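To keep things clear, I will list the structure first and then write my remarks on it.
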Protein chains: 2
Amino acid sequence: MIKNSELEKENFNIWLIEDNLHFRRTINGLINQTPGMKCSNAFETCEEAISLMETEFPPQVILLDIGLPGMTGIEGIEKFKKISPSTHILILTIYDDNEKVFDALCAGASGYLLKDSSPDKIIGAIEEVLSGGAPMSMQIAHKVLEIFSNLKPKKNDYGLTDRESEILKLMVTGLTKQQIADQLFLSFHTVNTHLKNIYVKLHVNTKSGAITKAFKENLI
Amino acid sequence: MIKNSELEKENFNIWLIEDNLHFRRTINGLINQTPGMKCSNAFETCEEAISLMETEFPPQVILLDIGLPGMTGIEGIEKFKKISPSTHILILTIYDDNEKVFDALCAGASGYLLKDSSPDKIIGAIEEVLSGGAPMSMQIAHKVLEIFSNLKPKKNDYGLTDRESEILKLMVTGLTKQQIADQLFLSFHTVNTHLKNIYVKLHVNTKSGAITKAFKENLI
DNA sequence: ATGACAATCGCACGTTCGTGGTATATTAAA
DNA sequence: TTTAATATACCACGAACGTGCGATTGTCAT
């Protein structure tokens, strides 16, 4: 499987954090059987790994479970990344809900695999993060795109005119009516009128309400 | 390469939108050589494809370029998805900037390949979308995670107390000071004081400013 | 036990906002 | 050509806000 001479020379350092003894041993063995990779430490909890990371040289890759006793894997990611930003975190878990996937990737994970991945896939994923990729199980990649498409929601159309949108944008920056008027070389009264119309269209009756709505519904 | 009996039976319908004649012919040939796949239509522009889509039966997959004459691929995605939500859009382009990737995936693309992908990869990607996956070139997957980690920015800590955060949350819902006071069974003056302190901590001096900051920096 | 912080409550004053009106010029559609 | 929509401008008044001063109480660590 592995015939990359670079890998064989470098002997990449990998840590494993996994509370299930059996799975930990399996993965550990798998990595150490792979030329060019070495699972130098295997932990049951993030806490143990963190304390060692502060004294020892950090690994290139951490294989990280999410459902752990004590600190969760998600929380762990941030800690690891703070200590060693260059270490790649590869999530290896049973959880595939949007929430966990989203949080893990936001926290800085470099990849996300489900535990049903084959040994080949797991080793391949480690190689992929090492070469700058972002390995994901098929289902996870799909979820990621799902999250994306929900990210930019139906751009609700309240029928704001161009001028009104422009004024809404300025309002969001925190300007008062008078300041907006100055900025656009308009009379205070004109801005006042526009605001009134904006409020009617957005069904609000305060600046705060308009701003909140603007953010929540991507009107900015 | 392809030995999936399901694919051979079904003969999946694929459309191609690509303005480069040479590349269009190449991909067209590639698909038609693949058992179980048929490139039934190849277009130069989104406009042509859209008009045909309104009369003919839509394909299972559209291979879509982004840099097209007339309507861009990104704009096209939304149109296609509106006409036929179940059609998978697979982006095949030279553009790999965050902006385009982000927009395409938000618009509802099911995958994103770079044009330097090998024929095998392209066919593999089509199979992957058909089986519910989300194929991405390695670089693209990496960019996607990059976008994610920038999504949840440094949760700036302004040292708000629990009470202050609570009041900030209520403020965002559009309540007045008096309404917030009622909600929390506090005096108007107490809320007023808390707001003053919030303003100092957030370096703002209006409700609007506080709300904007709350949204922009995820303080909610 | 002293000090720092958080949470609560109070008042006064000037500023800004929200809303009820009215009105004109321009432009685009019917 | 009439109509509708948009952008512009004005006024007045009460409500809400922002900010300057206070103050008391409790908690928690030093």
Side-chain angles (χ1 to χ4, degrees), chain A residues 47 71 154-220, chain B residues 70-71 75 79 154-220:
Chain A
E47 286 85 345
M71 185 185 299
K154 66 293 159 204
K155 212 173 206 172
N156 249 337
D157 189 12
Y158 290 96
L160 294 184
T161 69
D162 290 348
R163 201 49 153 173
E164 287 162 354
S165 298
E166 190 179 12
I167 289 178
L168 181 57
K169 280 189 197 79
L170 289 177
M171 193 169 20
V172 166
T173 70
L175 302 182
T176 66
K177 297 181 191 180
Q178 186 57 61
Q179 291 170 323
I180 295 174
D182 294 345
Q183 193 108 33
L184 298 178
F185 305 107
L186 291 176
S187 137
F188 168 84
H189 305 292
T190 303
V191 174
N192 201 28
T193 304
H194 283 308
L195 279 195
K196 281 191 277 193
N197 294 331
I198 292 173
Y199 291 169
V200 170
K201 289 182 180 178
L202 299 191
H203 311 300
V204 298
N205 59 348
T206 59
K207 268 175 66 173
S208 308
I211 293 176
T212 297
K213 202 140 194 170
F215 273 108
K216 284 196 177 161
E217 317 210 6
N218 272 66
L219 307 175
I220 37 164
Chain B
M71 185 186 299
E75 294 162 339
K79 307 269 186 187
K154 65 296 159 201
K155 209 172 208 172
N156 249 336
D157 190 12
Y158 291 96
L160 293 184
T161 67
D162 290 347
R163 201 50 152 174
E164 286 162 356
S165 298
E166 190 179 13
I167 289 179
L168 181 58
K169 280 190 196 79
L170 288 177
M171 192 167 22
V172 167
T173 70
L175 302 182
T176 67
K177 298 181 192 180
Q178 185 58 60
Q179 290 170 323
I180 295 174
D182 293 346
Q183 193 109 33
L184 299 178
F185 305 106
L186 291 175
S187 135
F188 168 85
H189 304 291
T190 303
V191 174
N192 201 28
T193 304
H194 282 309
L195 279 195
K196 282 190 275 193
N197 294 330
I198 291 173
Y199 292 167
V200 171
K201 289 183 180 177
L202 298 190
H203 311 301
V204 298
N205 59 348
T206 60
K207 266 175 68 171
S208 308
I211 292 176
T212 297
K213 202 141 196 172
F215 274 108
K216 284 197 177 160
E217 318 209 6
N218 271 66
L219 308 175
I220 37 168

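Because the structure is predicted, anything quoted here is derived from the model rather than measured. Every chain is numbered from 1 and lettered A, B, ... according to where its sequence line falls, protein lines coming before strand lines. Hydrogens, waters and symmetry mates play no part in the numbers below; they use all other heavy atoms, side chains included.
No more than 12 heavy atoms of other residues, nucleotides or ligands lie within 6.0 Å of NZ in B/K79, so this atom counts as exposed by the packing criterion.
Taking 4.5 Å as the limit, some side-chain heavy atom of A/M171 sits within range of a side-chain heavy atom of A/L168. Side chains of B/V191 and B/L170 form no contact here, defined as non-hydrogen atoms less than 4.5 Å apart. Side-chain contact between B/T173 and A/T212 is absent, with no heavy-atom pair separated by less than 4.5 Å. Within the 4.5 Å cutoff, the side chain of B/K201 has heavy atoms near those of the B/T161 side chain.
Between B/Y199 and D/dT19 there is no side-chain polar atom (N or O) within less than 4.0 angstrom of OP1 or OP2. The phosphate of D/dT8 (OP1 or OP2) has a side-chain N or O of A/H194 nearer than 4.0 angstrom. A sub-4.0 Å separation between OP1 or OP2 of C/dA7 and a side-chain N or O of B/T161 is present.
Using a 4.0 Å heavy-atom cutoff across all strands shown, A/T190 reaches at least one base atom of the nucleic acid. Among the atoms of the strands shown, none is found under 4.0 Å from any heavy atom of A/F188.
Partners of B/K169 according to the side-chain hydrogen bond (donor to acceptor under 3.5 Å, both in side chains) rule, which considers only residues two or more places apart in sequence or in another chain, do not exist here. Partners of B/K196 by side-chain hydrogen bond (donor to acceptor under 3.5 Å, both in side chains), not counting sequence neighbours: none found.
To the nearest angstrom, C1' of D/dA7 lies 12 Å from CD1 of A/I198. In this structure, B/K207 places its NZ atom 15 Å from C1' of C/dT15, rounding to the nearest Å. Taking atom CG of B/N197 as the reference point, atom P of D/dC17 lies 17 Å away to the nearest angstrom. For the pair B/H203 NE2 and D/dG18 C1', the computed distance is 18 Å after rounding to whole Å. B/M171 has its CE atom 12 Å from the C1' atom of D/dC17, to the nearest Å. Regarding B/L195, its CG atom lies at a distance of 16 Å from the P atom of C/dG10, rounded to whole Å. Rounded to whole Å, the distance from CG on A/L170 to P on C/dC17 is 13 Å. Rounded to an integer number of Å, the gap from A/I211 CD1 to C/dC17 C1' is 13 Å.
Taking CD of B/E164 as the reference point, atom CG of B/L202 lies at 8.5 Å (rounded to 0.5 Å). From B/H194, atom NE2 reaches atom CD1 of B/I167 across 4.5 Å, with rounding to the nearest 0.5 Å.
Here the closest heavy-atom approach between residue A/S208 and residue B/I211 is recorded as CB-CD1, 3.3 Å.
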All N/O pairs under 3.5 Å across the protein-nucleotides 21-30 of chain C interface:
from   : atom 1 : to     : atom 2 : distance (Å)
C/dG21 : O6     : A/K196 : NZ     : 3.2

Heteroatom pairs (N/O) under 3.5 angstrom, protein to nucleotides 27-30 of chain D:
none

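On a pure distance criterion of 3.5 Å, a polar donor-acceptor pair joins the side chain of B/N192 and the base of D/dT19.
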Indicate every side-chain donor-acceptor pair of residues 177-186 of chain B with a distance under 3.5 Å to a residue at least two apart or in another chain.
from   : atom 1 : to     : atom 2 : distance (Å)
B/K177 : NZ     : B/N192 : OD1    : 2.7
B/Q178 : NE2    : B/D182 : OD1    : 3.1
B/Q179 : OE1    : B/T176 : N      : 2.7
B/Q179 : OE1    : B/T176 : OG1    : 3.4

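Residues from residues 176-186 of chain B that place a heavy atom under 4.0 Å from any atom of DNA chain D, listed by number: B/T176, B/K177.
A donor atom on one side chain and an acceptor atom on the other are found under 3.5 Å apart for B/E217 and B/Y158.
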